[in-house]
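Report on one structure; see the data block that follows.
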Amino acid sequence: MPFLFAPPPQAVLPVVGEKNLWFPLHRAYFVGLNYAEHNKELGNWGEPMVFLKPVDAVVPVPEGSVAEIPYPTETEDFEHEVELVVALKAGGKNLTVKEAEKAIYGFAVGCDFTRRDLHRALREKRDAWEKAKTVDQALPVTAIRKIEQTPEIENLAIWLYVGSEKRQDGTTDDMILTVPEVIASISKYWELKAGDIIFTGTPKGVGPVKKGDVLKAGVAGVGTLDMRIV
Ligand code: MN
């Protein structure tokens with residue numbers, strides 16, 4: 001098929017233990033407000049909700065490498081949100097929780113960077129969140145660890161350091177919707193596909209970063225994510 005211009009490259013993530021095999025990305029879904037204490041720190045914004053970001057914002061972070069995240073324009077409060085990311089090998093509509101469990105390929109660690117000042121202002125105006133949430137080159141995700149190689153998603157530590165300061169320190173047990181419940185609830189609105197990734201929410205302790213900051217985040221048994229703000 002002739003194209004008018006070169007089509008964009010397929011966005012991918014690496015897979016732990018696979019040298020020449022890539023996970024091709026379809027969509028990136030996000031559950032907001034899925035940890036009660038984070039909901040409180042924002043000022044009780046309500047029930048867990050869903051938004052999407054384009055996958056061309058993804059920065060793949062293979063083991064041993066550091067993601068360079070450019071400090072974006074149009075914000076003075078750019079904030080980190082460490083999240084457990086679930087990657088799907090199958091999809092469907094209206095999945096049951098059992099079907100959702102079977103669709104999981106593996107897990108990764110990601111950071112849902114946010115222009116928080118805009119986020120608060122847009123919410124105040126009941127405007128769309130994209131200017132706050134969709135930031136070019138600001139969606140770092142580790143290599144995916146296959147589900148066979150990850151622990152049960154039960155009481156796993158989820159944390160983030162800026163320099164030597166521990167900012168976020170939670171457990172996956174604090175999630176309001178469990179991972180399979182998140183997948184099932186999204187599939188009521190969209191047909192999920194193999195290649196979809198879902199960010200499952202952030203624990204309390206989100207906060208600002210600045211140019212030069214070095215960040216380290218992780219989920220126990222899943223991976224660690226190294227980042228630098230440039
Ligand atoms: Mn988030």
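As the structure is a computational prediction, the values presented were derived from the model and not from experiment.
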Donor-acceptor pair, [X] side chain versus [Y] backbone, under 3.5 Å?
{"X": "Glu165", "Y": "Val162", "result": "no"}
{"X": "Glu124", "Y": "Ala121", "result": "no"}
{"X": "Arg115", "Y": "Thr75", "result": "no"}
{"X": "Thr200", "Y": "Val85", "result": "no"}
{"X": "Asn34", "Y": "Val31", "result": "no"}

Tell me whether [Y] is reachable from [X] by hopping between hydrophobic residues (I, L, V, M, F, W, Y) whose side-chain heavy atoms are closer than 4.5 Å.
{"X": "Val219", "Y": "Tyr35", "result": "yes"}
{"X": "Val135", "Y": "Val206", "result": "no"}
{"X": "Tyr189", "Y": "Leu52", "result": "yes"}
{"X": "Val86", "Y": "Val109", "result": "yes"}
{"X": "Ile197", "Y": "Ile104", "result": "no"}

Taking only residues two or more places apart in sequence, or in another chain, which ones meet [X] in a side chain to side chain donor-acceptor pair (under 3.5 Å)?
{"X": "Gln168", "result": "His80, Thr202"}
{"X": "Lys204", "result": "none"}
{"X": "Asn155", "result": "Thr171"}
{"X": "Lys102", "result": "none"}

Side chains of [X] and [Y] in contact at under 4.5 Å (non-hydrogen atoms):
{"X": "Leu177", "Y": "Ser185", "value": "yes"}
{"X": "Ile144", "Y": "Val16", "value": "no"}
{"X": "Leu84", "Y": "Val179", "value": "yes"}
{"X": "Phe107", "Y": "Ile153", "value": "yes"}
{"X": "Glu47", "Y": "Leu33", "value": "no"}
{"X": "Tyr105", "Y": "Ile147", "value": "no"}
{"X": "Val209", "Y": "Leu215", "value": "yes"}
{"X": "Arg116", "Y": "Arg120", "value": "yes"}

Just how far is it from atom [atom1] of [X] to atom [atom2] of [Y], taken to the nearest 0.5 Å?
{"X": "Leu139", "Y": "Glu83", "atom1": "CG", "atom2": "CD", "value": "9.0 Å"}
{"X": "Leu192", "Y": "Ile198", "atom1": "CG", "atom2": "CD1", "value": "5.5 Å"}
{"X": "Glu154", "Y": "Thr172", "atom1": "CD", "atom2": "OG1", "value": "8.0 Å"}
{"X": "Lys188", "Y": "Ile186", "atom1": "NZ", "atom2": "CD1", "value": "11.0 Å"}
{"X": "Phe51", "Y": "Tyr29", "atom1": "CZ", "atom2": "OH", "value": "13.5 Å"}
{"X": "Glu76", "Y": "Asp117", "atom1": "CD", "atom2": "CG", "value": "6.5 Å"}

Closest heavy-atom contact between [X] and [Y]?
{"X": "Leu88", "Y": "Phe23", "result": "O-CZ, 3.4 Å"}
{"X": "Ala143", "Y": "Ala108", "result": "O-CB, 3.8 Å"}
{"X": "Ala184", "Y": "Leu95", "result": "CB-O, 3.4 Å"}
{"X": "Ile176", "Y": "Ala36", "result": "CD1-N, 3.9 Å"}
{"X": "Leu118", "Y": "Glu74", "result": "CD1-O, 3.6 Å"}
{"X": "Gly92", "Y": "Ser187", "result": "O-CB, 3.8 Å"}

Next item on the list: Could you list all the side-chain hydrogen bond (donor to acceptor under 3.5 Å, both in side chains) pairs where at least one residue sits in residues 125-142, not counting sequence neighbours?
Entry: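 Of all non-adjacent pairs touching residues 125-142, those that pass side-chain hydrogen bond (donor to acceptor under 3.5 Å, both in side chains) are Glu81-Lys133, Asp112-Lys133, Thr114-Lys133.
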Checklist line | side-chain hydrogen bond (donor to acceptor under 3.5 Å, both in side chains) contacts touching residues 12-25 (sequence neighbours left out) | finding: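 Checked against side-chain hydrogen bond (donor to acceptor under 3.5 Å, both in side chains) - neighbours excluded - the pairs reaching residues 12-25 are Glu18-Lys146.
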Margin query: Applying ring pair (Phe, Tyr, Trp, His ring centres under 6.0 Å), can you list everything that pairs with Phe78, at least two apart in sequence or on another chain?
Written below: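 Tyr71, Phe113.
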Checklist line | For Phe199, all residues meeting ring pair (Phe, Tyr, Trp, His ring centres under 6.0 Å), sequence neighbours excluded | finding: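 Per chain and number, Phe199 pairs via ring pair (Phe, Tyr, Trp, His ring centres under 6.0 Å) with Phe30.
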Hey, can you pull the donor-acceptor pairs under 3.5 Å for the side chains in residues 6-13, sequence neighbours left out?
{"from": "Gln10", "atom 1": "NE2", "to": "Leu25", "atom 2": "O", "distance (Å)": "2.8"}

Margin query: So that I know where these two stand, are Trp45 and His119 an aromatic pair - ring centroids less than 6.0 Å apart?
Written below: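 Yes, the ring of Trp45 comes within the 6.0 Å limit of the ring of His119, centre to centre.
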Item checked: Hydrophobic cluster partners of Phe3 (side-chain heavy atoms under 4.5 Å) ->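 Once heavy-atom contacts under 4.5 Å are chained together, Phe3 belongs with Met1.
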Next item on the list: State whether Lys193 and Asp196 are salt-bridged, where the test is any N-O pair (Lys NZ or Arg NE/NH1/NH2 against Asp/Glu carboxylate O) under 4.0 Å.
Entry: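 Salt bridge absent between Lys193 and Asp196.
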Next item on the list: Not counting sequence neighbours, which residues clear side chain to side chain contact (heavy atoms under 4.5 Å, CB included) with Ala67? List them please.
Entry: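 Result, side chain to side chain contact (heavy atoms under 4.5 Å, CB included) vs Ala67: Val59, Val61, Ile69, Pro140, Met227.
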Next item on the list: Return the set of residues passing side chain to side chain contact (heavy atoms under 4.5 Å, CB included) with Val214 (not counting sequence neighbours), or none when no residue passes.
Entry: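 For Val214, the residues satisfying side chain to side chain contact (heavy atoms under 4.5 Å, CB included) (neighbours in sequence not counted) are Arg228.
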